[in-house]
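First comes the structure, then the notes that go with it.
No hydrogens, no waters, no symmetry mates; every other heavy atom, side chains included, goes into these values.
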Amino acid sequence: MTTALRLPELFDRVRQVIPEPDWMLFEDDIAAILRLKQERNAVILAHNYQTPEIFHGVADIVGDSLALARKAIGVDADVIVLAGVHFMAETAKLLNPDKTVLIPDMGAGCSLADSITSDDIMGLRAAHPGVPVVTYVNTSAAVKAASDICCTSGNALQVVESLGVPRVLMLPDEYLARNIASQTQVELITWHGYCEVHERFTPGEVRGFRDAYPGVTILGHPECPPEVIAETDYSGSTAGMSEFVARQRPERVLLLTECSMSDNVAIHHPETEFIRPCNLCPHMKRISLSNIRQALEENRHEVTVDPAIAAPARRAVERMLAV
């Protein structure tokens, strides 16, 4: 828990990725957030793509989408602040209906979540009667409610195969579905959604990094195009990539994902050189120390889910967590 650490100790944790002059600009907000968390009995959940001053400075629970969903259950707090994007805050609310869930910026969206609607799923069900719908957690509560079960990049293969059927609608990330399809005999029917961060990586770019940094180990997120993943040494969720670095301890590594991830993992592995291809997520970067502080001070912006949507959406998430 960050509340147990003083500001100098927090800076020691992040000094390799945050220059001291920058840290000095953050200190007032960090001190206020730590105080407000205690006053309001609040916890901060932060995704792996948050910047280090948030991830290591004020967050209580960190991880990928699956970890945040699991750890959000039964959080011992009155208030949850989600330092991430809107679908994550909705998921936290689904799993904690009696708690106050806040997101610091309502504009923190997701290109994948925007790529599909519940009406689209109804159309797909009509076109493929009887085929179960597996929906990525990077979707709205309404889309989750129209689905049979959710998945994350970390458990997608297990979720698909747990259904015991020959065909599955896997939505909305086409690249994730195509990457999972290469690992299973289940036929996956895809949708045309993409992550605006991961779709920008190219095979030529990956080969260029190998030429520029001899011996580099390249890890790719499965939201990248399959032809990009074919050029990598390992593909996995953000949690999977972090675990790979901890387990294999490569001398030099490059993570094909949102660039704050490298900063956050590097803090735990000073012996590894991190090459940073900097693809920023504009939605994740809408979250800042300043608006986290404002969320706690002013109780903004509270996330709610229509009860008629919440029940089936919660069921889809809980089915995922049971796999």
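Lys71 and Asp60 are not joined by a salt bridge, as no carboxylate oxygen comes within less than 4.0 angstrom of a charged side-chain nitrogen.
Contact check for Thr100 versus Asp78: no side-chain heavy atoms found under the 4.5 Å cut-off. Counting heavy atoms from C-beta on, the side chains of Leu112 and Glu223 come closer than 4.5 Å. Leu34 has its side chain within reach of Leu10: a pair of non-hydrogen atoms, C-beta onward, lies under 4.5 Å apart. In this structure, the side chains of Val85 and His47 stay at 4.5 Å or more apart for every pair of heavy atoms. Annotation: side chain of Ile121 is in contact with side chain of Val133 (closest heavy-atom distance under 4.5 Å). Side-chain contact check for Leu102 versus His301: every heavy-atom pair is 4.5 Å or farther apart. A heavy-atom distance below 4.5 Å is not found between the side chains of Val317 and Val137.
No donor-acceptor contact under 3.5 angstrom links the side chains of Asn291 and Arg286, judged on distance only. Side-chain polar atoms of Glu196 and His283 form a donor-acceptor pair below 3.5 angstrom. Counted by atom type alone, Asp263 and Ser260 present zero donor-acceptor pairs between their side chains at under 3.5 Å.
Ring geometry for Phe201 versus His198: interplanar angle of 30 to 60°, hence tilted.
For Asp114, the side chain to side chain donor-acceptor pair (under 3.5 Å) criterion is met by no residue, not counting sequence neighbours. In this view, Pro19 and Pro21, Asp22 satisfy the side chain to side chain contact (heavy atoms under 4.5 Å, CB included) rule, not counting sequence neighbours. For Glu251, the salt bridge (charged side-chain N to carboxylate O under 4.0 Å, His left out) test picks out no residue, with sequence neighbours left out. With sequence neighbours excluded, no residue satisfies salt bridge (charged side-chain N to carboxylate O under 4.0 Å, His left out) with Glu243. Listed by chain and residue number, nothing satisfies the side chain to side chain donor-acceptor pair (under 3.5 Å) test with Arg314 (two or more places apart in sequence, or in another chain).
If you take CG on Asn48 and CE on Met241, they are separated by 8.5 Å, rounding to the nearest 0.5 Å. Between the OH atom in Tyr175 and the CD atom in Glu199 there is a gap of 6.0 Å [rounded to 0.5 Å]. To the nearest 0.5 Å, atom OG of residue Ser147 and atom CE of residue Met320 are 11.5 Å apart. We find the OG-CZ distance between Ser242 and Arg247 to be 10.5 Å, quoted to the nearest 0.5 Å.
When Thr257, Asp64, Asn264 are each tested for a side-chain hydrogen bond (donor to acceptor under 3.5 Å, both in side chains) with Tyr49, only one passes: Thr257.
Placement of Leu95 and Ile149 within a single hydrophobic cluster is found when ILVMFWY residues are connected by side-chain heavy-atom separations under 4.5 Å, directly or transitively. With hydrophobic clusters built from ILVMFWY side chains whose heavy atoms lie under 4.5 angstrom apart, Leu321 shares a cluster with Phe87.
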List the atom pairs, donor and acceptor, that lie under 3.5 Å between side-chain atoms in residues 164-172 and the rest of the protein, sequence neighbours left out.
| from | atom 1 | to | atom 2 | distance (Å) |
| --- | --- | --- | --- | --- |
| Arg167 | NE | Glu187 | OE1 | 3.1 |

